[in-house]
Protein chains: 2
Amino acid sequence: MRVTLRDVAERAGVSIMTVSNVINGNRARVSPETIERVQRIAAELGYVPSASARSLSARSSRLIGLLVPAADEDSLMISPHNVAMVGQIERELRRLGYHLLLRGIANQREVTEALQSWSLDGAILLGFLDEQVDGLTAKTVGSVHVLAIDSYSTNPLTIGPRSDDFTGARLATRHLLDLGHRRIVFAGPAFTGVGVVHERFEGYRQAHADVGATWDGQFIETVNTTHADGRELGLGLLDRHPEATAVFATADVLAIGIMRGLAESGVRVPDDVSVVGFDDLDLCEYAVPRLTTVSQDITAKAATAVRMLIDSIENGARPSEPVTITVSLVKRESTAPAPHQ
Amino acid sequence: MRVTLRDVAERAGVSIMTVSNVINGNRARVSPETIERVQRIAAELGYVPSASARSLSARSSRLIGLLVPAADEDSLMISPHNVAMVGQIERELRRLGYHLLLRGIANQREVTEALQSWSLDGAILLGFLDEQVDGLTAKTVGSVHVLAIDSYSTNPLTIGPRSDDFTGARLATRHLLDLGHRRIVFAGPAFTGVGVVHERFEGYRQAHADVGATWDGQFIETVNTTHADGRELGLGLLDRHPEATAVFATADVLAIGIMRGLAESGVRVPDDVSVVGFDDLDLCEYAVPRLTTVSQDITAKAATAVRMLIDSIENGARPSEPVTITVSLVKRESTAPAPHQ
DNA sequence: CTGAAAGCGCTTACAG
DNA sequence: CTGAAAGCGCTTACAG
C-alpha cells in the first residue's frame, strides 16, 4: 500500500495540512521542530507525493507534453537533429521539477486529447509543419500553454524559439562564395513562401546579393532530405549542372548522400566540388571528407524553449515574438577554393 | 473550464455513472439509445476524461515510465541505437492506449520517486548497466511492474527482452573466418563475466571454436564505444597487430571510427583489413565503404518489451525468463577475403 | 503556528 | 438497465 499524507500525519501527530505544508516547503507556516519531525517521518516511511492527486486538486500538474508527429501506424518521426532536442528538453524540465510526457501525434484531433487528458501545464511541439501549427486554435489547446520549436507559423499561441535559418544559409553560401565559387547548387526539399527551407533559401540568395554575384534559378534542386536522394543527386549533378562547383544542402544527411553520389561518379570532394550541409550532426565528423556545415546550438534552443514555456506557465508571460537562436559555420574538409575552369 | 462527466450527465439527463460506463465501453450495462445519446453529447461538449482523476480513483494510470540514465547535469544518455527504441516503444504504447513518461535518472534514489509519484502502471529501463538493474529491489519498485531492456542482470523483477548478442557476434566472426581471416581483433569496451559485451566476446570465441581456429588473447582491444577511440585504434592497428587482417567491433560507431583510422594510416578496407560492426545504424549505409554489421530487430525488441510489460500489468503474468530477439548479419562492403600474406 | 471542511473528477462496489 | 454513496490523495480557502 502506498504511504499517504494521512499516514505521515498520524505518525507525527499533526494534521494532514501541516504535513502538506512541510512537504511543499511552506515553512513560514510551521514551527521548526514540527518541520524537522515531519520530514524525518516522511523519509522513514518513504513517502512520495501522489502526482495525480496533486494535479487533480491543485491547478498545476507540473507535467509538460512533448508532442511529436507520427504517421498513424508509424514510429515517431524524430529527425536526427530533433533527437538531441528531446534529451535536452527532458533535462531542463527535470531540473525545474517538471515531468515529461512524450506523445506521438497521428492527426490533429489527437492534440486536444493529448493536452487535456493529463491536465498538462504546457506542451512543446517538435517537428511539426507550419501548416499543422497554424491549425491550432484556442479551442484545441484550451488553457494549456503551447510552444512550437523551429516554426515560422504566425500563430500567436505557439510562439517559441527557432534557429536562425536565414543567417545559417547566408554564412554557408558566403563561405562558398569567398572560396571563389559562383555556381552553387541549392539542394533541399520543396518549399513555399514561408518556413525553414524558405528561410534557408533566402539566406542563400542574400549571400549572392551580398557579394554582387548573380544567381540562377536553374540551380535549385528539389530533393527529399534523405541520404538516398542525396546520392542520386550527387550521381547526376555534373550532368545536370556542368558548371557547378559547389552545393549547399539544407541538411547534413542530404549533404553526405550528395558527397557519396559525387564520389561514385568520379567527382572529387572538395577538389572538384565543395559541399556544405546544415545541422552539424555527429555524422559530419564521421563523413569522408568531414563535412563543413552550419551548427545549431541545440542546447540553447532546448533551454530557451523550456524557459519560455515555464515562464509563460508560472508568470503568465506569454512570449510576444519568436526567439532566434544563433548559428555558426563549422569549416571542415568538404569545402575548398573553386577549381579553375 | 474543463468539461466533466457531470456536465455530460446533466445534459444527457442521466447519472454520472452511466456516462462513465459509456465512456469506458461497459456497454452491456447501458441501453443502446442511452449510449448513442451520451456519446453524441460527449462529443458535442468536447469531453476529454481526466487522466489524473482516473488514475487516482482506479488502480490503473495507464502511464508507463521510460527510464533512461542521465548524468546529473547532463542530457539523457541515449545511444543512437536506443533512440530508435524510444520511438518504437512510444508507438506500441500509444497503440495499446497507454501514455509514456520519459524520465532521466541521475541516481538510484530517483527511481523510486519516478515510479511512485505518477502511480505508474509500469516502467521500462533503457540503457541501464547490469549493476544498476541488480540494485532494484521490491522496496524500490513497489508494486510497479518493471522491465529492463538488453540486460543480463539476473534480477527477477526486471526480466525483459534482449538481443541475441552471443549469436550476433558469432555470426559476424564466422563470416570473417569463412572469408579466410584467422587473426581477428576484438574491439569493444571493458567487460566482466556477464553482460552485453561479455556475450559478444563469447560469441567471438565460439565462432573460432566452431571452425577449429585458434584464438589469441592478444587480440582483445579495449576501447570506448566512440568514433574517436575507434579512429585511434585504427591508426595504430597494424603496428600493434601486424598479422591482423580483420576487426570485429562491438558497435557501428566504433567500427566506422576504426575504418577511418585505418584509411588515414594508408590501410585499405576491405582489401587489407576487413571490419564488422554491431547494431546496423543508418550510419552503416552512409559509411565508405558501407559497413558490414550485425542487425538487431529494434521494432521487434520494442514491441516485445511493451507486450511483456503490458501482459504483466494486465494479466499479472510476470515473465519467468528473458526473451531473446533474433539478430542477423548484414553483409555490405567492409568485408572481403583475407589477403594472402 | 495549526486544523476541519470542501472539493478536484473520476471509479468501485453495492443496491434497486 | 440505472443510480446514490464513498473514496482515491491531495490542495485551497477559511478559521482559530
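Note: hydrogens, waters and symmetry copies are ignored here, and every other heavy atom, side chains too, is used. Here is how names work: the chains are called A, B, and so on, in the same order as the sequence lines, proteins then strands, and each is numbered from 1. The structure presented is a predicted model; accordingly, all values stated were derived computationally and were not measured.
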Quiz item: C:dC8 phosphate, OP1 or OP2: any side-chain N/O from B:Thr4 under 4.0 angstrom?
Solution: no
Self-check item: Atom pair distance, as rounded to whole Å: CZ in B:Arg6 and P in C:dT11
Solution: 14 Å
Quiz item: Less than 4.0 Å between a side-chain N and a carboxylate O, is that true for B:Glu33 and B:Arg37?
Solution: no
Quiz item: For C:dT11, does either OP1 or OP2 sit under 4.0 Å from a side-chain N or O belonging to B:Ser57?
Solution: no
Quiz item: How close or far is atom P of C:dA5 from atom CD1 of A:Ile16, stated in whole angstroms?
Solution: 12 Å
Quiz item: Atom CG of B:Asn21 and atom P of C:dT12: how far apart are they, to the nearest Å?
Solution: 10 Å
Exercise. Would you mind classifying the nucleic acid contact of A:Ser52 as base, sugar-phosphate or nothing, using non-hydrogen atoms under 4.0 angstrom?
Key: nothing
Quiz item: Given atom CD of B:Gln116 and atom C1' of D:dG9, what is their separation to the nearest angstrom?
Solution: 14 Å
Practice problem: May I ask you to say what A:Thr34 touches in the nucleic acid, namely base, sugar-phosphate or nothing, with a heavy-atom cut-off under 4.0 Å? | Solution: sugar-phosphate
Quiz item: Please give, in whole Å, the distance from D:dG3 C1' to B:Glu10 CD?
Solution: 15 Å
Quiz item: Counting only Watson-Crick or G-U wobble pairs whose two distances fall under 3.5 Å, which nucleotide matches D:dA13?
Solution: none
Quiz prompt | Cationic N near anionic O, under 4.0 Å, A:Glu90 to A:Arg94 | solution = yes
Exercise. Begin with the C-alpha distance, continue with both residues' side-chain angles, and end with the deciding distance and a verdict on side chain to side chain contact (heavy atoms under 4.5 Å, CB included) for A:Ile89 and A:Ile149.
Key: CA-CA 11 Å; A:Ile89 289 171; A:Ile149 290 180; 3.9 Å; yes
Self-check item: Closest-nucleotide 5' rank along DNA chain D - winner of B:Ser15 and B:Ala58
Solution: B:Ser15
Quiz item: Does OP1 or OP2 of D:dG3 have a side-chain N or O of B:Thr18 closer than 4.0 Å?
Solution: yes
Quiz item: To the nearest 0.5 Å, how far apart are CG in A:Asp134 and OG1 in A:Thr154?
Solution: 5.5 Å
Quiz prompt | Rounded distance in Å - CZ (A:Arg37) to C1' (C:dT2) | solution = 12 Å
Quiz prompt | Of B:Leu56 and B:Pro32, the one whose closest DNA chain D nucleotide lies more 5' | solution = B:Pro32
Exercise. Take atom CG of B:Asn24 and atom C1' of C:dT12, then tell me their distance rounded to the nearest Å.
Key: 12 Å
Quiz item: Quick one: is C:dC10 close enough that its OP1 or OP2 comes under 4.0 Å of any side-chain N or O from B:Ser55?
Solution: no
Self-check item: Spacing of A:Arg6 atom CZ and A:Ile16 atom CD1 [to the nearest 0.5 Å]
Solution: 4.0 Å
Quiz prompt | B:Arg54 CZ to D:dC10 C1', straight-line distance once rounded to whole Å | solution = 20 Å
